[in-house]
Amino acid sequence: MKDKDRIEFLKKELNFHNHAYYVLDAPKISDFEFDNLFSELKSLENKNPHLITIDSPTQRVGGEVLDNFKTVKHNYPMLSLGNTYSAEDLYNFDLRLSKLTNQDFEYVCELKYDGVSISLIYENGELIQAVTRGDGIQGDDVTANVRMIKSIPLKLVGNYPDKFEIRGEIFLPHAGLKAMNKSRIKRGLEPYANTRNTASGSLKLLDSSEVAKRPLDCYLYYLLGEKLPSNSHFENLQLARTWGLKVPLEIEKYDKIANVLDFIKKWDLKRLDLPYDIDGIVIKVDNINLQNEMGFTSKFPRWAISYKYKSEQVSTRLNKIVYQIGRTGAITPVADLEPVKLAGTIVKRASLHNSDQISRLDIREGDVVYVEKGGEIIPKVVAVDFQKRDLFSQPVIFIKSCPSCGSSLIRNKGDAKHYCNNSDNCIPQIRGKFEHFIARKAMNIDGLGSETIELFINEGLIREVSDLYNLNKNDLLPLDRMAEKSVDKLLLAIEVSKSVSFERLLFALGIRYVGESVAKVLVKHFKNIESIIEADFDSLLTVDEIGSKIAESVVKWFSIKRNLELVKTLKLSGLQFNSTYKQNYLSSKLAGMRIIISGNFNRYSRVQIKKMIEEHGGRNVASISKKTTFVLAGNDMGPSKKKRAEDLGIPIITEEEFIAKLK
Ligand code: IVH
């Protein structure tokens with residue numbers, strides 16, 4: 001058989017077994033046999049690189065490293081669902097719908113998977129795009145990452161429509177979280193707290209080979225498109241299953257709301273035995289024409305609703321209330337708890353939000369309180385067990401001055417939070433500003449943890465973020481724990497950060513309400529810092545997606561003299577305050593290095609390798625000299641080059657070693 005035919009055969013065979021294993025949960029061959037087929041395909045592809053196709057099972061190891069995700073507009077808005085918590089709510093839902101139509105209709109009941117929603121677009125049977133929900137109108141293109149999830153077919157089988165979209169939930173099964181945490185603990189890392197946040201964090205990774213290592217899974221529950229095979233939502237999902245898509249089996253059709261309630265009751269107990277998390281049940285009208293007739297409110301579809309199970313609660317003693325100070329000066333009261341196990345983790349602290357929340361729930365130090373885990377990692381206190389209250393307990397008196405710097409707290413009208421306004425001298429605020437500035441999504445300065453920042457502040461080396469760019473070796477070397485190597489590394493990382501794109505720099509400045517996506521919008525519209533400084537409230541409002549809250553905050557920030565000074569100083573240090581500068585650095589791992597590329601490579605093209613070198617701060621140079629850091633040698637490195645490198649004592653490294661350096 002020709003290599004080409006054997007490759008085709010192996011791809012089909014492996015895709016079939018992948019489906020049996022990951023979608024049907026019913027493997028037909030042993031792991032050993034699978035691995036053999038896989039290695040055979042891999043070596044045939046190595047021999048014939050031109051025959052590698054994007055849907056080959058060997059391509060699910062990743063390697064594409066992105067700087068950012070592309071924003072794409074959804075073909076159909078990606079809305080969430082209204083929530084209900086009681087039988088009464090559901091009877092009302094049923095009553096509302098029957099008033100909207102004279103027709104009889106059926107309900108479809110599904111589990112509500114607790115993960116991250118995703119929209120997959122298939123064209124001619126191939127997965128062409130995967131987009132996160134984002135704000136419902138547009139989301140992030142995470143195709144490269146989603147391709148790494150084994151239960152999502154890259155190629156469909158059977159009689160599928162030419163073009164359709166299917167939505168579902170990417171999640172991490174319990175066993176997946178456990179396995180990941182086991183390995184994290186071994187490596188001395190903090191374990192991940194819950195499946196949902198870990199799944200969502202995984203999708204946001206910029207290196208798809210990291211995603212490939214995570215045991216993510218995906219259930220699909222909503223088919224959309226111009227030419228759907230059936231007018232029944234239920235039927236469509238059953239058909240989608242025959243195309244190889246992972247549609248859950250736990251789905252039922254009923255004609256009465258009473259049966260829907262039975263389904264809910266049944267799963268309230270059974271859900272605890274599922275190998276993944278669900279947080280409720282979704283109820284949908286089956287008839288798609290009728291769905292369209294019923295339509296949407298401004299936020300939700302009228303024809304579907306979710307029933308949420310109450311989250312797990314525990315009670316424990318609240319020992320003390322402590323106060324945290326954020327980078328904006330906002331004060332958050334936090335409950336210091338008697339440690340207690342909740343949803344698989346030990347909880348020691350819980351958020352109390354603000355002083356109103358404390359009075360609303362009448363929370364006091366020493367109380368026994370109920371703690372619940374919502375969507376966030378940090379659990380919250382939801383109620384007090386008043387029967388266990390100590391007779392002599394006293395209501396909380398919210399602090400009047402900052403626990404760190406002692407200045408009086410203020411609370412603005414309409415704001416639920418108290419603030420410490422001493423932003424110039426209050427250490428946690430200064431530290432918070434630095435932490436935000438150097439974060440990966442902002443200036444991406446490695447090697448500067450919270451403790452080092454505090455050390456530098458206390459040593460009087462930094463106050464404003466612009467001071468980072470004046471740090472030098474002589475200042476740093478005498479400090480505790482600052483070895484020459486780490487000082488060099490840090491200074492290089494700071495140097496490299498000067499080339500970070502304007503949108504990330506604008507985000508890094510920490511202007512209230514200017515998050516990553518708002519920063520992008522502002523940069524796209526205004527192009528440079530001068531135009532943003534000049535923009536008044538009204539011209540900001542004309543920009544798509546900028547509302548009055550953001551506009552007001554931007555105008556205010558740029559009206560403060562000190563901030564304008566900061567911008568000026570940063571600009572003098574060479575930071576990029578306009579959007580024409582293109583180079584985006586991913587890290588400083590190769591900063592200052594001069595690298596020779598020689599020969600051809602297995603995984604990446606020479607052009608890709610060159611790009612990777614530049615993205616990590618290195619320089620690709622043409623000829624070997626004493627100054628060369630290393631030679632990256634491909635399959636057929638020229639003998640004269642090799643000799644010269646050896647003569648000069650310059651290390652020669654392989655493609656694998658190079659990739660490992662960037663990890
Ligand atoms: S249908 C227009 N079905 O819950 C209907 N959503 O709170 C769109 N979810 O954004 C959603 N399981 O991320 C639907 N079986 C299911 C679901 C489900 C989980 C998530 C989804 C959605 C959110 C709504």
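Indexing begins at 1, ligand by ligand and atom by atom, following the structure's order.
Not a single N or O atom of Tyr222, backbone or side chain, sits closer than 3.5 Å to an N or O atom of ligand 1.
Residue Tyr113 approaches ligand 1 through these ligand atoms, each under 4.0 Å from one of its heavy atoms: 12 (N), 19 (C).
Close to ligand 1: Leu111, with a non-hydrogen atom less than 4.0 angstrom away. Taking a 4.0 Å cut-off on heavy atoms, Lys284 registers as neighbouring ligand 1.
With a 4.0 Å heavy-atom cut-off, ligand 1 is reached by the side chain of Val282 but not by its N, CA, C or O. The parts of Lys112 lying near ligand 1 are both backbone and side chain, judged by heavy-atom distances below 4.0 Å. Under 4.0 angstrom from ligand 1, the non-hydrogen atoms of Tyr221 all belong to its side chain.
Using cut-offs of 30° and 60° on the angle between ring planes, the pair Tyr113 and Tyr276 is tilted.
Of the protein's heavy atoms, Pro301 CG, 3.5 Å lies nearest to atom 2 (C) of ligand 1. In this structure, atom 8 (C) of ligand 1 lies nearest to the protein heavy atom Leu79 O, 3.9 Å. The protein non-hydrogen atom at the shortest distance from atom 10 (O) of ligand 1 is Arg133 NH1, 3.2 Å. Here the protein heavy atom with the shortest distance to atom 15 (N) of ligand 1 is Glu110 OE1, 2.8 Å. The closest protein non-hydrogen atom to atom 5 (C) of ligand 1 is Leu81 CD2, 3.7 Å.
By the 4.0 Å N-to-carboxylate-O rule, Lys163 lies too far from Glu226 to be salt-bridged with it.
Between Trp267 and Tyr307, a ring centre-to-centre spacing not shorter than 6.0 Å is recorded.
In this structure, NZ on Lys270 lies 9.0 Å from CZ on Phe263, to the nearest 0.5 angstrom. Going from atom OG1 of Thr84 over to atom CG of Asn92 covers 10.0 Å, rounded to the nearest 0.5 Å. Here the OH-CD1 distance, from Tyr107 to Ile305, works out to 9.0 Å after rounding to the nearest 0.5 Å.
When all heavy atoms of Lys227 and Pro161 are compared, the pair lying nearest together is O-CB, 3.9 Å.
If you check each of Glu169, Met78, Glu250 against atom 13 (O) of ligand 1, the one with the closest non-hydrogen atom is Glu169.
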